[in-house]
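Labels below follow one simple rule: chain letters A, B, ... track the order of the sequence lines, proteins then strands, and each chain is numbered from 1.
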Protein chains: 2
Amino acid sequence: MSTTLKDIAEKANVSIATASLALNNSEKVNHKTYEKVKKIAEELNYTPNARARALVKKATETIGLVIPEVENPFFAEMAQSIKNTIKESGYNLILCSTEYKSEEELRYINLFKSGLVDGAIFACLGDMMEEHNKMIIDLVKNNTPVVFVDREINNYTLIPVIKTDLFEGAYNIANYLINNGHKKIGFIGQSEERVEGYKKALSDNNIKINDNYIFYNFLTIEGGYKVGQKLLKLAKLPTAIICLNDEMAMGVIQSLTSANIKVPEDISIIGIDNIRMSEYYNPSLTTLHIPKKEMGKKAAEILLKRINREKLSSDEQLIIFPTELIVRKSSRTIN
Amino acid sequence: MSTTLKDIAEKANVSIATASLALNNSEKVNHKTYEKVKKIAEELNYTPNARARALVKKATETIGLVIPEVENPFFAEMAQSIKNTIKESGYNLILCSTEYKSEEELRYINLFKSGLVDGAIFACLGDMMEEHNKMIIDLVKNNTPVVFVDREINNYTLIPVIKTDLFEGAYNIANYLINNGHKKIGFIGQSEERVEGYKKALSDNNIKINDNYIFYNFLTIEGGYKVGQKLLKLAKLPTAIICLNDEMAMGVIQSLTSANIKVPEDISIIGIDNIRMSEYYNPSLTTLHIPKKEMGKKAAEILLKRINREKLSSDEQLIIFPTELIVRKSSRTIN
DNA sequence: GTGAAAGCGCTAACAT
DNA sequence: ATGTTAGCGCTTTCAC
């Protein structure tokens with residue numbers, strides 16, 4: 001069907017090997033034959049067969065990215081950054097979303113094991129982490145390098161980790177609120193480290209932790225909206241709420257606003273991530289900036305190094321990015 | 001490195017062929033050998049080499065999706081739907097974003113031509129369409145089926161098209177506004193068909209078209225924000241503005257709101273797409289619902305049919321999805 | 001039911 | 001500088 005190297009070789013009266021060399025710009029080949037082969041390839045509209053090349057080169061020039069969902073702006077922004085980084089080295093990205101399902105992650109691990117990608121970035125948390133991590137280690141040992149983003153493992157030499165300090169981030173947000181007069185501070189979202197940071201800030205400031213102020217739900221706007229509905233049933237609202245991501249924060253705000261509770265006048269809402277939208281929401285969101293683009297870029301760079309079998313220095317094996325609280329209009333100081 | 005069929009064949013004392021047959025659940029193979037081979041494969045933690053299989057099967061079980069950018073919620077939602085649809089048939093999605101650059105699209109066309117995917121969905125508009133379409137037709141003739149979403153071509157038999165009626169959608173929005181008392185209606189966004197629909201609605205209602213009320217910018221929140229800044233410099237604001245997508249609408253709203261212009265009291269803003277966020281924005285967005293999920297699903301189904309060489313009925317070659325105006329709080333009736 | 005052998009399209013020694 | 005050859009790991013006739 002499609003033209004192959006063989007077709008070209010025949011037409012140019014050279015061997016397949018020579019044709020291959022010529023098309024791969026080997027200097028070994030005579031300039032005249034080089035030109036001839038190139039010309040014929042052009043005429044025949046030749047494109048090398050990636051599948052065949054992948055088989056012999058043992059490489060697909062493709063890397064896999066596993067994230068919970070594409071619809072989540074945080075991961076979309078990170079994915080974009082990763083894609084742009086690897087593109088420069090001629091790699092393509094295969095985007096794999098798990099929809100927060102553990103089986104899906106497993107599917108991808110096996111897919112990668114089949115040699116579909118030259119390396120992978122995992123940016124997912126979830127159940128079965130220990131078991132899956134074992135399989136991922138297996139993958140790495142079978143020569144498919146992996147980098148983790150915001151995911152832990154006990155062996156950084158095998159799998160480098162790019163992250164921010166989740167505990168510290170939550171601590172800083174809570175601390176900021178406390179410094180601005182808040183004492184009744186709620187927290188929304190399921191993240192052990194984050195919750196610990198939040199609690200630590202409270203206890204460091206001698207504020208009693210009220211478990212009624214801690215909520216869980218999906219990390220989506222809808223999830224936030226639902227928590228908002230629950231909040232409304234509370235006898236007395238906290239004066240501030242920290243949300244695990246900006247989308248939840250928006251959901252909460254929407255929910256409260258609909259019930260005529262004003263943000264930030266009646267309650268301060270702070271998000272995490274600083275997604276593109278957060279600056280443009282009404283009110284614009286106070287949020288913890290996570291350098292997703294930079295993290296994605298770094299993860300991609302480290303992965304490419306790994307794929308090229310370059311050694312990583314020890315400070316490339318665990319990289320903790322700094323975060324920054326961006327104060328906008330969804331939070332305020334109280335007396 | 002990794003275990004191969006050969007390893008298994010040797011350990012099981014059968015030929016490679018038999019091992020292959022057994023693992024592919026052929027009925028030809030003796031039950032005992034079947035069991036033996038399966039067991040050994042399990043023990044050796046065998047995963048077939050996708051690259052080798054792809055070469056001989058001439059198929060990668062992967063399909064490509066070309067969109068402008070992942071960060072755009074419209075495409076993210078559609079991508080998710082496509083992914084979920086093809087997953088059921090065992091296919092994987094390779095997500096290709098062009099960042100609105102024509103060269104990027106070209107890159108992907110060539111990539112696909114190399115046999116990386118079994119089929120592709122193109123959901124991008126842009127420059128060089130005619131030239132690229134020729135190459136895409138070439139791709140199709142070389143046995144890589146393609147489906148277009150919101151993109152035109154003159155040969156539906158070769159490339160099926162899934163779309164909504166852009167003209168009609170814009171016409172309906174403008175008409176709705178007019179029916180609700182608006183006469184000074186602006187339009188933001190670069191889309192010939194949309195603009196035509198908008199203009200037709202105005203002229204059908206004997207409203208003079210004011211070119212000062214038509215703006216262009218990137219289809220992002222930032223783009224909308226910038227247009228908002230321009231609007232503020234106008235001698236008199238229109239009473240309503242139609243935006244080419246919801247993000248632009250949000251950007252415009254944010255921009256106007258910051259200048260103390262109230263939406264919808266002072267001006268009505270209507271978006272297009274009905275992205276997840278639009279319901280939760282403040283104010284919630286009046287917008288034209290585009291059934292992205294359904295469109296993505298249908299595109300995927302049609303593509304799979306094509307890949308499986310099933311014939312398409314003529315009404316599967318051009319599918320126009322209906323749209324629906326969702327009235328929320330960013331627009332109002334005036335006298 | 002099983003094995004031998006050919007071949008998918010390409011690359012990379014090695015020989016010439 | 002060019003051709004010969006051997007494979008990459010798998011599927012798939014075709015004999016046996």
Separation of C:dC10 atom C1' from A:Glu61 atom CD, nearest Å, is 14 Å
What's the NZ-C1' distance between A:Lys28 and C:dA15, to the nearest Å?
12 Å
Residues A:Glu61, A:Lys87: salt bridge by 4.0 Å N-O rule:
no
So does B:Tyr46 get a side-chain nitrogen or oxygen closer than 4.0 Å to the phosphate oxygens (OP1/OP2) of D:dC10?
yes
Between NZ of B:Lys58 and P of C:dG7 the distance, given in whole Å, is 13 Å
Is the number of heavy atoms from other residues, nucleotides or ligands under 6.0 Å of A:Lys11 NZ greater than 12?
no
The nucleotide from C:dT11, D:dC10, C:dG3 with an atom nearest the side chain of B:Arg53 is D:dC10
Look at all strands and tell whether A:Val29 reaches a base, only sugar-phosphate, or nothing, counting heavy atoms closer than 4.0 Å.
sugar-phosphate
On DNA chain C, compare the nucleotides closest to A:Lys6 and B:Tyr34; which residue's is nearer the 5' end?
B:Tyr34
For D:dC8, take OP1 and OP2 only and decide whether either is under 4.0 Å from a side-chain N or O of B:Asn49.
no
Take atom CD1 of B:Ile16 and atom P of C:dG3, then tell me their distance rounded to the nearest Å.
11 Å
Below 4.0 Å: OP1/OP2 of D:dT11 and any side-chain N or O of B:Ser20
yes
Nearest to the B:Ser15 side chain among C:dG3, C:dA12, D:dC10, which nucleotide is it?
C:dG3
To the nearest Å, how far apart are B:Leu21 CG and D:dT13 P?
11 Å
A:Thr60 vs B:Arg51, side chain to side chain contact (heavy atoms under 4.5 Å, CB included): CA-CA, chis, key distance, verdict
CA-CA 8 Å; A:Thr60 57; B:Arg51 297 186 290 244; 3.6 Å; yes
Which residue lies more 5' along DNA chain C, comparing A:Thr47 with B:His31 via nearest heavy atoms
B:His31
Figure out the CG/P separation between A:Leu55 and D:dT11, and round it to whole Å.
12 Å
Looking for any heavy atom pair under 4.0 Å, which part of the strands does A:Asn13 touch: base, sugar-phosphate only, or nothing?
sugar-phosphate
Other residues, nucleotides, ligands: >12 heavy atoms within 6.0 Å of A:Lys113 NZ
yes
Would you indicate which nucleotide in D:dG3, D:dT11, C:dT11 comes nearest to any side-chain atom of A:Thr18?
D:dG3
For A:Leu5 and D:dT5, give me the distance from atom CG to atom P, rounded to whole Å.
18 Å
So which nucleotide from D:dT11, D:dT2, C:dC10 ends up closest to the side chain of A:Ala52?
C:dC10
Of A:Ile302, A:Leu65, A:Ile319, the residue whose pairing with A:Val147 passes side chain to side chain contact (heavy atoms under 4.5 Å, CB included)
A:Ile302
To the nearest angstrom, how far is B:Leu23 atom CG from D:dC10 atom P?
9 Å
Just to confirm, is there a sub-4.0 Å distance from OP1 or OP2 of D:dT2 to any side-chain nitrogen or oxygen of A:Thr33?
yes
